[in-house]
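Have a look at the structure below before the remarks.
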Amino acid sequence: MRRSRAFIPTTKESPSDAVLASHIYLARAGFVTQVSAGLYNFLPLGKRVLTKIQNIVNEEMERAGAQEVDLSFVTPSELWEESGRLNKFGKELLRFKDRKNNDFVLGPTHEEMMVNLVKNRITSYKQLPINLYQIKTKFRDEARPRFGLMRGREFLMKDAYSFHATTEDLNREFETMEATYKRILERLDLDFRIVEADSGAIGGSGSKELMVIADSGEDTIAVCSKCEYGANVETATRGIRKDTTELKNYNSVRSVVKRLHFEEEDKIVLFFLRACDELQEVKAVNSLGALDISDLEEAELEKLGLTDESLAPLNLENIEYVFDRALQEAEDLNNIDLSTLNEPLYYDIYSVQEGDACPECSAPMTFTKGIEVGHIFKLGTTYSKALKAEFLNEKGQGTPFEMGTYGMGISRLVASVIEQNHDEKGCVWTKETAPYMVNIMVSNIKDEEQMALGEKLYTQFQDAGVEVVLDDRKDRFGFKMKDAELIGFPYTLIIGKELVNGNVQIFERATCDKEESSVETVYETLIGKIS
RNA sequence: CGGGGUGUAGCUCAGUAUGGUUAGAGUACCUGGUUUGGGACCAGGGGGCCGAAGGUUCGAGUCCUUUCACCCCGACCA
């Protein structure tokens with residue numbers, strides 16, 4: 001591409017609403033522009049990066065035996081009614097009517113559509129397993145879109161759905177997908193962790209998130225300092241505490257009162273934990289299978305006599321009691337006797353704290369922030385049952401599909417790469433994500449020798465299949481360098497004042513080092529660096 | 001959805017407390033010239049429904065009412 005012809009509108013100043021590095025630099029360097037809250041245009045550079053990531057995903061999915069499809073973006077509401085998610089999804093689901101007054105939604109995820117596609121087409125266990133995926137624009141009408149591409153309303157996501165005859169086979173595919181995701185993120189050169197996660201409202205059993213490590217991440221994850229263990233704090237567990245004597249309030253109990261919301265009703269619940277622990281709200285919600293959790297009003301607390309900090313009484317009416325599992329084995333709890341209760345409910349409801357022992361190897365765990373770029377989980381038969389999608393097993397019996405689902409945020413990955421790879425000058429693209437690998441910068445285009453060499457090398461690289469830009473603009477050296485640094489080409493070949501001595505320079509973006517090279521050898525040298 | 005903030009040139013922002021020439025700067029853009037190793041300089045030029053609607057006034061970017069959009073904190077987020 002000739003820079004003089006390229007549509008790459010770079011700016012010196014960043015848009016006033018950009019906060020994250022990825023948002024600032026992607027906007028300043030002309031990769032994306034904002035259209036409206038959570039909506040972005042991808043310009044030529046941004047589109048190239050998107051395509052690169054898509055290609056990697058496609059290659060790895062193909063390798064894992066998955067097949068690509070492309071389902072319609074606009075989906076009829078009936079399917080969502082059948083699965084019961086029309087109400088569950090709430091306002092995030094954008095609904096509208098067509099001219100014939102039929103109800104439709106814009107797909108925020110495609111479980112319903114994918115099940116519907118397979119239903120009555122895959123009819124025998126002999127046709128299983130199968131893994132279908134697409135890379136497709138999704139729309140979720142987020143209450144508060146933010147962080148540029150990180151939390152947009154419209155975004156590009158790869159979503160895969162696998163169908164199996166048995167849970168054993170689902171487990172096998174789940175592992176294959178985990179390995180596939182690992183390969184993808186490794187190829188993208190990202191620092192990441194695969195962590196245990198909450199399954200959320202979609203339902204299902206096993207669930208893992210792929211977290212790109214970054215301070216700007218919206219999730220907090222607990223990771224082991226020694227082994228591979230990592231988990232979202234929403235679900236993280238810990239090993240046995242050794243130095244309990246050091247823990248303040250280890251042998252006393254505290255209570256936390258919350259309101260749990262269920263589909264039909266609300267319940268007031270008292271949660272009991274060791275006084276040194278905090279309640280983990282997601283675990284609390286899951287303990288009784290609720291939909292949501294909230295605090296009580298002051299007046300309500302007063303009415304129940306739960307205003308002071310002391311332990312709540314154990315005999316209130318119309319209130320559920322849930323105890324943390326750690327209390328089950330507790331011997332001495334400062335004379336509080338829980339054995340008077342009949343059949344107390346014990347669940348894992350504590351929140352892991354920094355420094356707690358890893359459940360796998362007992363080494364201390366640390367907290368870090370992560371960007372959720374992927375989420376894989378085992379759905380089981382939740383959707384196949386709801387949508388009556390069945391196949392015939394060996395005995396000729398109708399059986400709902402065992403399903404798995406595997407999502408990966410493509411546009412979010414673009415932003416993640418920059419969150420991890422940038423400096424105060426701009427973007428630093430990795431080899432697999434760079435929109436162009438080499439930028440040939442002619443310092444002074446009026447210098448015929450410089451320009452001739454630029455043209456020659458440009459053709460040479462193009463012929464070799466290298467993605468190359470020729471900066472042939474009538475601008476000064478400093479301006480063009482700043483521009484190249486902002487965009488983040490991995491290598492800029494500088495043809496300038498050293499040419500009279502037969503030399504050019506190779507500027508490496510990641511290190512900002514300039515390396516002298518002779519005109520004769522520079523092509524070979526650069527080819528060596530990029531391959 | 002609760003709390004706060006901002007809408008003026010492509011972009012970043014002055015101007016609004018106290019209404020009054022033709023609405024400004026920087027940057028970007030166009031023309032000519034100079035310059036050519038770190039976002040150059042000189043001269044000239046184009047570009048605005050001052051978010052929208054209504055009102056007060058002789059007169060509104062500025063005051064009043066309504067409304068829309070965007071951003072931040074929180075709630076929410078398969």
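Residue numbers start from 1 in every chain, and the chains themselves are labelled A, B, ... in the order their sequence lines are given, proteins ahead of strands.
- Among residues two or more places apart in sequence or in another chain, the side chain to side chain contact (heavy atoms under 4.5 Å, CB included) test is passed with A:Glu516 by A:Glu498, A:Asn503, A:Gln505.
- Under the 4.0 Å criterion applied to side-chain N and carboxylate O atoms, A:Lys91 and A:Glu142 are not assigned as salt-bridge partners.
- Looking at A:Lys529 and A:Glu515, a side-chain N of the basic residue comes within less than 4.0 Å of a carboxylate O on the acidic one, giving a salt bridge.
- Rounded to the nearest 0.5 Å, atoms NE2 (A:His375) and CD (A:Glu372) are 6.0 Å apart.
- Ring-plane geometry between A:Phe31 and A:Trp429 is classed as tilted, the angle between the planes lying from 30 to 60 degrees on a 0 to 90 degree scale.
- Within residues 32-46 of chain A, the residues that have a heavy atom under 4.0 Å from RNA chain B are, in order of number, A:Gln34, A:Ser36, A:Ala37.
- The separation of B:rG46 from B:rG32, taken at their C1' atoms, amounts to 15 Å, rounded to a whole angstrom.
- Between A:Phe139 and A:Phe73, a ring centre-to-centre spacing not shorter than 6.0 Å is recorded.
- Among residues two or more places apart in sequence or in another chain, the side chain to side chain donor-acceptor pair (under 3.5 Å) test is passed with A:Asp103 by A:Lys97.
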Could I get a table of every N or O pair under 3.5 Å where one atom is in the protein and the other is in nucleotides 73-77 of chain B?
residue	atom	partner	partner atom	Å
B:rC73	OP2	A:Arg144	NH1	3.4
B:rC73	OP2	A:Arg144	NH2	2.1
B:rG74	N7	A:Arg144	NH1	3.4
B:rA75	N6	A:Arg146	NH2	3.3
B:rC76	N4	A:Arg146	NH2	2.9
B:rC77	O2	A:Arg151	NE	3.3
B:rC77	O2	A:Arg151	NH1	2.3
B:rC77	O2	A:Arg151	NH2	2.5

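- Taking the six-membered ring where tryptophan is involved, the planes of A:Trp80 and A:Phe89 are perpendicular, since the angle between them exceeds 60° and thus also 30°.
- In A:Asp215, the CG atom is not crowded: 12 or fewer heavy atoms of neighbouring residues, nucleotides or ligands sit closer than 6.0 Å.
- Residues of residues 173-184 of chain A that place a heavy atom closer than 4.0 Å to RNA chain B do not occur.
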One pair to check against side-chain contact (heavy atoms from CB on, under 4.5 Å): A:Gln450 and A:Ile445. What are the steps and the verdict? CA-CA 7 Å; A:Gln450 287 186 17; A:Ile445 63 163; over 6 Å; no
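- With rounding to whole Å, A:Ile24 atom CD1 is found 15 Å from B:rC71 atom P.
- Cation-pi geometry between A:Arg48 and A:Tyr436 is met: under 6.0 angstrom from the ring centre, within 45 degrees of the axis.
- At whole-Å resolution of the value, CZ in A:Phe7 and C1' in B:rC29 are 14 Å apart.
- Salt-bridge annotation for A:Arg509 and A:Asp423: present, with a side-chain N of the basic residue lying under 4.0 Å from a carboxylate O of the acidic one.
- Looking at A:Gln67 and A:Asn131, their side chains never bring a donor and an acceptor atom within 3.5 Å of each other.
- Taking atom C1' in both B:rG61 and B:rU31, one finds a spacing of 32 Å when rounded to whole Å.
- Take the nearest nucleotide of RNA chain B for A:Phe89 and for A:Glu13: the residue whose nucleotide is more 5' is A:Glu13.
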What does the 5'-to-3' dot-bracket notation of RNA chain B look like when only Watson-Crick and G-U wobble pairs under 3.5 Å count, and pairs to other strands show as |? (((((((..((((......[...)))).((((((.....)))))).....(((((..]....))))))))))))....
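- Contacts of A:Met150 with the nucleic acid, taken as non-hydrogen atoms under 4.0 Å apart, are absent.
- If you check the side chains of A:His422 and A:Ser22, you find no donor sitting under 3.5 Å from an acceptor.
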Restricting to nitrogen or oxygen on both sides, can you table the protein-nucleotides 43-52 of chain B pairs closer than 3.5 Å?
none

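- Taking 90° from 0 as the syn/anti boundary, the base of B:rA17 is oriented syn.
- Here the separation of B:rC30 from B:rG10, taken at their C1' atoms, is 14 Å to the nearest Å.
- Under the side chain to side chain donor-acceptor pair (under 3.5 Å) criterion, A:Asp472 pairs with A:Ser4, sequence neighbours left out.
- Listed by chain and residue number, A:Arg153 satisfy the salt bridge (charged side-chain N to carboxylate O under 4.0 Å, His left out) test with A:Asp141 (two or more places apart in sequence, or in another chain).
- Residues satisfying the side chain to side chain donor-acceptor pair (under 3.5 Å) test with A:Asp159, not counting sequence neighbours, are A:Gln134, A:Lys138, A:Tyr161.
- The side chain to side chain donor-acceptor pair (under 3.5 Å) contacts involving residues 5-19 of chain A comprise A:Thr10-A:Asp483, where partners must be two or more places apart or lie in separate chains.
- One interatomic measurement links the two molecules: CG of A:Asp17 to C1' of B:rG7, which rounds to 12 Å at whole-angstrom precision.
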In B/S/- notation, 5' to 3', how is nucleotides 36-42 of chain B contacted by protein heavy atoms closer than 4.0 Å? BBBBB--
